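Let me begin by presenting the structure, written as structure tokens, before commenting on it.
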Amino acid sequence: MEMGKVYNSKVVEEKWCKYWIENKTFSARIDKNKKPFTIVIPPANVTGSLHMGHALNATLQDIIIRFKKLQGYNTLWVPGTDHGGIATQNVVEKLLKKEGKTKYDLGREKFLEKMWQWRSETGDTILDQLKTIGCGLDWDRVAFTMDEKRSKAVKKAFVQMFDNGLIYRGKRLVNWCSRCGTALSDIEVEYADEKSNLWHIKYPLKDSDGYVVVATTRPETMLGDTAVAVNQDDDRYTRLVGKTLTLPLVNREIKIISDYVVDKSFGTGVVKVTPAHDATDNEIAKRSNLETIEIIDVNGEIINAPEKYLGLSVEEARKEIVKDLEEAGFLVKIEDYTHSVGKCYRCLAKIEPLMSEQWFLNVGEMSKKAVDAANDGRTVFCPQSWKKPYVLWLENLRDWCISRQIWWGHRIPVYYCVNEQGNKTNCKPVASFEKPEKCPCCKGKNFVQDEDVLDTWFSSALWPISVFNWGEDENNEDLKYFYPTSVLATGHEIIYLWVARMAQFGLEFMKDVPYNGVFIHGIVRDKHGKKMSKSLGNVVDPREIMEKYGTDVLRFALAQAAAPGRDMQILEESFLAARNFANKIWNASRFVIMNLEGMGKLDDNIYPSELADEWIISEFANTASKVKTAYESYNIDTASREIYDFFWTKYCDWYIELSKIRIMSADRNVKRQILSILVHMLKSTLQLLSPVMPFITSEIWDILNKDDENAKIIAESFLAVIPGCINQESAASQSVIPERLNRESILEKMKNIQDVIVKIRTLRSEMNISPAVQIKALFNILDNNKKQIVKENENYIKQLL
RNA sequence: GGGCAGUUAGCUCAGCUGGAAGAGCAUUUCCCUUACAAGGAAGAGGUCGCAGGUUCAAGUCCUGCACUGCCCACCA
């Protein structure tokens with residue numbers, strides 16, 4: 001290809017994307033002679049299209065994979081997508097709504113057909129976009145959390161845990177989203193502060209004229225109050241404990257109880273207890289054996305209440321009840337009050353805590369095992385600071401509500417025995433892959449399957465084992481070879497939702513952690529520090545950046561900003577800087593390639609003949625060593641910066657500049673010697689950089705090696721310019737520098753010479769003297785130290801000026 | 001209420017185990033020198049959030065405080 005002055009990313013990127021896929025460069029098969037290095041991609045939701053967060057996450061993983069491949073590992077990076085449960089169902093429901101239909105109009109079966117159709121039309125968008133980023137994924141292994149193999153894994157896991165008694169059904173207080181019409185797990189609720197009021201309400205004592213005043217943010221739930229609680233140490237109320245109150249509007253008799261959780265200093269120090277609609281109250285009720293009265297149903301409507309409130313929505317009921325309380329003289333005052341309110345993480349509707357029958361997973365033992373794995377170093381966090389919150393979360397985890405009242409997802413493989421009329425019998429439900437032949441209990445042959453589906457995170461939790469086909473064969477060779485995976489790279493927003501659950505399931509089913517390392521990277525934020533999200537309308541579309549500047553530029557800008565665990569702002573300027581760097585690489589390469597014209601094929605040896613040669617080699621070795629350490633510890637930002645600095649300020653600004661003068665006056669043989677180092681330094685740097693900027697480096701590599709069939713792509717392992725400087729089994733940085741090159745003394749000498757040259761250039765510039773004036777003219781102006789250096793290196797410096 | 005990050009040049013950020021303040025962008029001056037003006041050379045710009053402490057020596061370690069952000073919590 002013609003090397004123009006400016007690097008043209010378009011053609012190059014298309015070429016290499018195609019090349020890597022067609023040649024299956026990143027397809028991995030078991031090779032017992034090589035160590036595996038495995039990553040499973042965090043499966044993107046099928047509703048997704050590439051945003052900056054994906055681009056960052058994918059780029060970082062690709063950098064790690066490409067680096068490990070260069071080091072000689074048998075690398076595997078598994079691609080895939082997630083069915084995305086509620087989120088995806090909501091998308092399709094919205095589409096239906098545009099046609100004026102609801103999912104109920106279609107019915108479950110037709111609706112699911114629609115879902116599958118939609119998923120087959122648009123579900124792979126994100127994968128295609130990952131290809132354009134250059135991701136070295138094994139495209140022969142694409143997985144989907146709801147495809148056949150993954151479904152088998154889900155059923156297998158469920159049945160196993162069900163049979164072990166870990167999965168149980170129970171009626172409990174759950175987080176209910178009445179917009180999505182389903183229960184959610186604790187972690188799927190997002191809390192946000194909201195301005196509201198604190199209503200102070202009189203609750204009269206039954207046997208006297210006295211009363212207590214409760215303060216509440218939810219007056220409407222008084223309909224379901226079954227007690228009033230005070231702190232046992234609260235002198236104001238201790239004498240009242242055990243007395244009976246008459247619940248206003250309802251006229252039910254309720255007791256005053258004491259509980260440690262009540263804060264004397266909050267509100268009036270008296271809490272109304274609504275066990276069916278508040279988590280704290282539910283706990284109090286358990287401790288004091290209180291009755292639970294449900295007054296809000298799954299549609300968000302009032303039930304079990306005086307007639308006038310029946311069927312009202314929660315908000316209507318609140319208005320009515322406050323009005324009625326006021327009219328009846330029970331309302332003492334209304335204060336302004338801001339408190340946090342739970343919202344559905346998918347639709348942002350208010351969460352209603354209510355009683356509902358659901359499937360739960362007992363996570364106690366699994367959590368302990370995951371905690372142990374984090375504590376004993378089987379799973380290592382990068383940065384380490386994430387370990388503590390991770391462990392804390394696992395230690396305080398409540399049982400996981402795994403059933404969802406939606407249609408899109410893995411249907412719960414539990415079957416209920418039914419009689420001739422289709423009514424459920426009292427037989428124990430059975431969990432199994434297929435509909436059972438006959439009931440183990442009554443030998444009946446009729447069954448209905450549970451209506452609910454599993455939390456989408458259930459199948460995600462199985463991802464590291466399901467992608468290796470654990471569901472069909474838990475002893476297969478791939479699983480043995482590639483599991484546990486080497487590292488999991490993700491943002492911190494799904495540590496609990498996903499990372500912790502994978503650890504639990506991995507340890508449960510494989511008796512081993514699913515990943516040895518967890519690399520937590522930051523979140524991309526906009527210039528105001530806000531998280532980029534569609535709803536805020538502040539997204540910088542990575543595809544626009546790729547279009548405008550090229551994919552390598554996008555990758556470099558992201559890589560260079562990706563300090564582990566730190567959120568980052570990506571501004572337009574960071575892309576400009578990266579664009580300039582890409583151009584610099586292109587042009588420096590152009591310089592080298594131009595000088596190679598007519599020089600014939602250089603051999604693989606290098607011929608350092610001057611201080612500058614030794615200096616650049618020594619500097620490269622130093623850089624390579626730092627870069628290696630940085631890549632290996634996932635300090636991708638450091639790696640990128642080190643390469644940038646070496647290439648620009650050392651290789652280009654000094655080495656190439658010095659070489660120009662040398663080349664001009666050199667004969668063919670000397671020129672070949674100088675070029676041997678120029679070329680090798682260039683190639684070596686290209687390799688170091690290739691994980692971050694694979695396109696431009698591959699392209700230049702290809703041009704440099706156009707006559708060499710063996711070096712078609714940047715490749716399987718590093719150059720041996722400086723033996724062992726970067727390979728898997730490399731030694732420490734000191735030993736990689738050829739022995740006769742004493743780094744300290746080279747640096748010292750080179751520094752002195754650079755100082756003199758800079759000084760002389762400055763003098764020329766200040767005195768407005770033409771470059772032709774030789775050192776002698778300027779010699780007298782130099783200080784003694786520099787004079788000495790000039791004397792010692794006169795010939796050399798003359799040559800370089 | 002608890003936990004975790006951050007606070008370094010006008011802006012975005014590097015500065016790991018303590019030893020003479022760094023990069024990119026922006027800015028000033030000069031240079032279209034045949035790799036690159038998306039470039040080169042030289043320069044200006046910082047009491048490293050505040051207050052203490054440890055040390056011969058502290059952005060770098062310790063304590064307290066302030067502000068910002070995030071996460072967790074049974075904030076009725």
Side-chain angles (χ1 to χ4, degrees), chain A residues 3-7 186-187 190-191 193 198-199 214-219 221 228-229 259-263 265-274 278-284 287 337-341 353 383 385-390 392-393 396 492-493 495-496 522-523 525 527 529-531 549 553 557 560-561 563 565-595 626 629-630 633 635 637-638 640-642 644-645 648-649 652-653 656-657 659-660 664 757-759 761-766 768 771:
Chain A
M3 285 195 89
K5 265 190 176 185
V6 172
Y7 168 59
D186 294 337
I187 187 100
E190 285 179 354
Y191 292 89
D193 275 356
L198 199 53
W199 285 269
V214 301
T216 180
T217 53
R218 300 207 51 192
T221 62
V228 152
D259 195 284
Y260 73 89
V261 82
V262 180
D263 179 357
S265 62
F266 187 91
T268 59
V270 185
V271 184
K272 59 191 270 312
V273 183
T274 320
D278 183 278
T280 311
D281 294 5
N282 198 266
E283 295 294 316
I284 295 175
R287 284 192 286 269
Y337 185 65
T338 301
H339 67 134
S340 72
V341 176
S385 55
W386 276 107
K387 182 185 140 186
K388 194 174 166 186
Y390 170 85
L392 260 170
W393 188 80
N396 295 303
H492 54 69
E493 68 268 30
I495 290 181
Y496 308 132
I523 290 173
R525 298 182 180 280
K527 63 182 167 193
K530 289 257 183 344
K531 183 180 173 178
Y549 302 115
V553 167
Q560 164 271 7
R566 298 262 277 117
D567 290 351
M568 64 195 78
Q569 283 188 58
I570 295 287
L571 307 172
E572 189 77 9
E573 290 92 80
S574 47
F575 298 116
L576 284 174
R579 191 270 315 261
N580 293 350
F581 184 46
N583 200 234
K584 191 75 178 173
I585 295 165
W586 185 251
N587 278 295
S589 306
R590 227 156 60 92
F591 172 81
V592 172
I593 290 162
M594 279 166 64
N595 279 289
K626 283 194 211 163
T629 307
S633 56
N635 290 96
D637 58 327
T638 308
S640 309
R641 274 190 258 262
E642 286 290 342
Y644 179 100
D645 183 62
W648 202 313
T649 69
C652 292
D653 287 353
I656 287 188
E657 289 308 317
S659 305
K660 281 180 184 172
M664 268 193 281
I757 292 174
V758 166
K759 185 67 191 170
R761 280 178 187 163
T762 312
L763 289 173
R764 276 177 181 162
S765 158
E766 280 168 0
N768 212 2

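Quick caveat: nothing in here was measured; it's all calculated off a predicted structure.
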Handout entry: Qualifying residue, where the test is ring-ring contact (aromatic ring centres under 6.0 Å, His included) with His492(A) and the options are Trp386(A), Trp393(A), Tyr390(A)
Key =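 The ring-ring contact (aromatic ring centres under 6.0 Å, His included) with His492(A) is passed solely by Trp386(A) among Trp386(A), Trp393(A), Tyr390(A).
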Does the [N] base have a donor-acceptor partner in the side chain of [X] within less than 3.5 Å?
X         : N      : answer
Ser340(A) : C75(B) : yes
Arg641(A) : A23(B) : no
Lys660(A) : A35(B) : yes
Glu657(A) : A35(B) : yes

Can you tell me how far [atom2] of [N] sits from [atom1] of [X], to the nearest Å?
X         : N      : atom1 : atom2 : value
Arg566(A) : G69(B) : CZ    : C1'   : 11 Å
Glu493(A) : G69(B) : CD    : P     : 19 Å
Asp278(A) : A73(B) : CG    : P     : 14 Å
Lys272(A) : A76(B) : NZ    : P     : 11 Å
Ile523(A) : C71(B) : CD1   : P     : 8 Å
Asn583(A) : C36(B) : CG    : P     : 10 Å
Asp645(A) : G22(B) : CG    : C1'   : 10 Å
Lys387(A) : C71(B) : NZ    : P     : 23 Å

Taking only N and O in the side chain of [X], is any of them less than 4.0 Å away from OP1 or OP2 of [N]?
X         : N      : answer
Trp648(A) : G40(B) : yes
His339(A) : A76(B) : yes
Lys584(A) : A38(B) : no
Asn282(A) : C74(B) : no

Practice task
Indicate whether the side chain of Asp653(A) and that of Thr649(A) have a donor and an acceptor atom separated by less than 3.5 Å.
Solution key: no
Practice task
State, without any angle test, whether Thr274(A) and Lys272(A) hold a side-chain donor-acceptor pair at a distance under 3.5 Å.
Solution key: yes
Problem - Closest contact, heavy atoms only, Asp637(A) versus Gln560(A) - result: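 Scanning both residues, the minimum pair turns out to be CB-O, 3.4 Å.
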Exercise for the section: Could you work out the separation of G15(B) and C61(B) based on their P atoms and round it to a whole Å? Expected result: 12 Å
Exercise for the section: Take atom P in C16(B) and the same atom in C62(B), then report the distance between them in whole Å. Expected result: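 Result for the P pair: 13 Å, nearest Å.
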Handout entry: Main-chain N/O of Asn583(A) paired to Asn587(A) side chain as donor or acceptor, under 3.5 Å
Key =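 Side chain of Asn587(A) to backbone of Asn583(A): a pair is present.
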Practice task
Report the glycosidic orientation of G59(B): syn if within 90° of 0, anti in every other case.
Solution key: syn
